[in-house]
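As structure tokens, the structure follows; a few thoughts come after it.
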Amino acid sequence: MNERVFIALVETLPKDRLAEPAGGIVNHPIWTVGHLANAGDMLRGILGHERVTSREYVTLFDTGSTPVHNSSIYPSLHQLVSDYQRVHQSVCEMIRDLSDTEITKLVEIEEAKPKFPTHGHLLSHIVSWHEGVHYGQLVQWRAAADC
């Protein structure tokens, strides 16, 4: 369901405005799409799988990165959407296959431990709350940009 909502939000974005701030929303669309792909790929890594997106995604889109208002520094929207879909589908498959032992395994990322002590906590956060917040930002951006 999340993937369908996501595609509906991004498929009609104005391609010439993807790195534009709108209505005080700092996270413009191209950064948001890349951030979601990167977050899912980070989750894949935590679950013991290789990254499938470019390593540059960490620099461009990781938590704490700053959206740049120049779309030429980013991969194309088409590439980012494709990567998001590939990562999202992969994470969904991984979640279906997780054992109780894997779900209750302690998270090894120190800064995440207080809020997300186990893989189950982190998975729940990334696939529900985190994606939902950024989908909401896309909706707000579209409204502010009059799209």
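The first residue of the sequence shown is numbered 1, and numbering continues consecutively from there. Side-chain atoms are counted along with the backbone in the values below, which use heavy atoms only and exclude waters and symmetry mates.
- Formation of a donor-acceptor pair under 3.5 Å by the Asn2 side chain with backbone atoms of Val127 is found in this model.
- For Tyr135 against Leu36, the heavy-atom pair with the smallest separation is CE2-CD1, 3.8 Å.
- Shown here for Asn38 and Val58, the closest heavy-atom pair between the two residues is OD1-N, 3.6 Å.
- Taken from CD1 in Ile46 to CG in Leu123, the straight-line distance is 8.5 Å, to the nearest 0.5 Å.
- Pairs of residues two or more places apart, or lying in two chains, that qualify as ring pair (Phe, Tyr, Trp, His ring centres under 6.0 Å) and include a residue from residues 62-113 are Phe6-Tyr84, His28-His69, His28-Tyr74, Phe61-Tyr74, Tyr84-His88.
- Classification of Lys105 and Glu102 as a salt-bridged pair fails, no side-chain N sitting under 4.0 Å from a carboxylate O.
- Put simply, Val133 and Ile30 are part of two different groups of oily side chains (I, L, V, M, F, W, Y) that touch within less than 4.5 Å, one to the next.
- For the pair Ser90/Met94, a side-chain contact is recorded, criterion being any heavy-atom separation below 4.5 Å from C-beta on.
- Rounding to the nearest 0.5 Å places CE of Met1 at 11.5 Å from SG of Cys92.
- For the pair Val33 and His134, the minimum side-chain heavy-atom distance is 4.5 Å or more.
- Interatomic distance, CZ of Arg51 versus CG of Asp83, reported as 10.0 Å (0.5 Å rounding).
- Hydrophobic clustering, with ILVMFWY side chains joined whenever heavy atoms are under 4.5 angstrom apart, groups Leu13 together with Val68.
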#### Entry: Worked check of side-chain contact (heavy atoms from CB on, under 4.5 Å) between Leu80 and Val10
CA-CA 11 Å; Leu80 293 170; Val10 299; over 6 Å; no

### Steps toward side-chain contact (heavy atoms from CB on, under 4.5 Å) verdict (Thr104, His119)
CA-CA 6 Å; Thr104 58; His119 284 183; over 6 Å; no

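- Not counting sequence neighbours, Gln140 has no partner by the side-chain hydrogen bond (donor to acceptor under 3.5 Å, both in side chains) test.
- Here the side chain of Arg17 pairs a donor or acceptor atom with the backbone of Ala145 at under 3.5 angstrom.
- Side-chain atoms of Trp141 come within 3.5 Å of backbone atoms of Glu20 as a donor-acceptor pair (strictly under, hydrogens ignored).
- Counting only distance, with no hydrogens or angles, the side chain of Lys115 and the backbone of Lys113 share no donor-acceptor pair below 3.5 Å.
- Relative orientation of the His125 and Trp129 rings is parallel, given thresholds of 30° and 60° on the angle between their planes.
- A donor-acceptor contact shorter than 3.5 Å is absent between the side chain of Asn27 and the backbone of Thr32.
- When every heavy atom of Arg44 is checked against every heavy atom of Val91, the shortest pair comes out as CG-CG2, 3.8 Å.
- Take His121 and apply the ring pair (Phe, Tyr, Trp, His ring centres under 6.0 Å) test, not counting sequence neighbours, and it matches no residue.
- Taking a 6.0 Å sphere around CG of Asp146, one finds it holds 12 or fewer heavy atoms contributed by other residues, nucleotides or ligands.
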### Task
Output, in order, the C-alpha distance, side-chain angles, deciding distance and verdict of side-chain contact (heavy atoms from CB on, under 4.5 Å) for Asp41 and Val52.
CA-CA 7 Å; Asp41 213 8; Val52 294; 3.7 Å; yes

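- The nearest pair of heavy atoms linking Ile25 to Ala144 is CD1-CB, 4.4 Å.
- Without hydrogens or angle criteria, Arg142 side chain to Leu9 main chain gives a donor-acceptor distance under 3.5 Å.
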### Criterion side-chain contact (heavy atoms from CB on, under 4.5 Å) on Val87 and Leu43, from CA distance to verdict
CA-CA 9 Å; Val87 167; Leu43 188 55; over 6 Å; no

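- In this structure, Leu18 and Pro29 approach most closely via the heavy-atom pair O-CD, 3.2 Å.
- Annotation: side chain of Pro75 is in contact with side chain of Leu60 (closest heavy-atom distance under 4.5 Å).
- Linking Ile, Leu, Val, Met, Phe, Trp and Tyr residues whenever their side-chain heavy atoms come within less than 4.5 Å places Phe116 and Ile103 in a single cluster.
- A 4.5 Å side-chain heavy-atom check between Ile126 and Met42 finds at least one atom pair inside the cut-off.
- Going from atom CD1 of Ile95 over to atom CD of Glu93 covers 10.5 Å, rounded to the nearest 0.5 Å.
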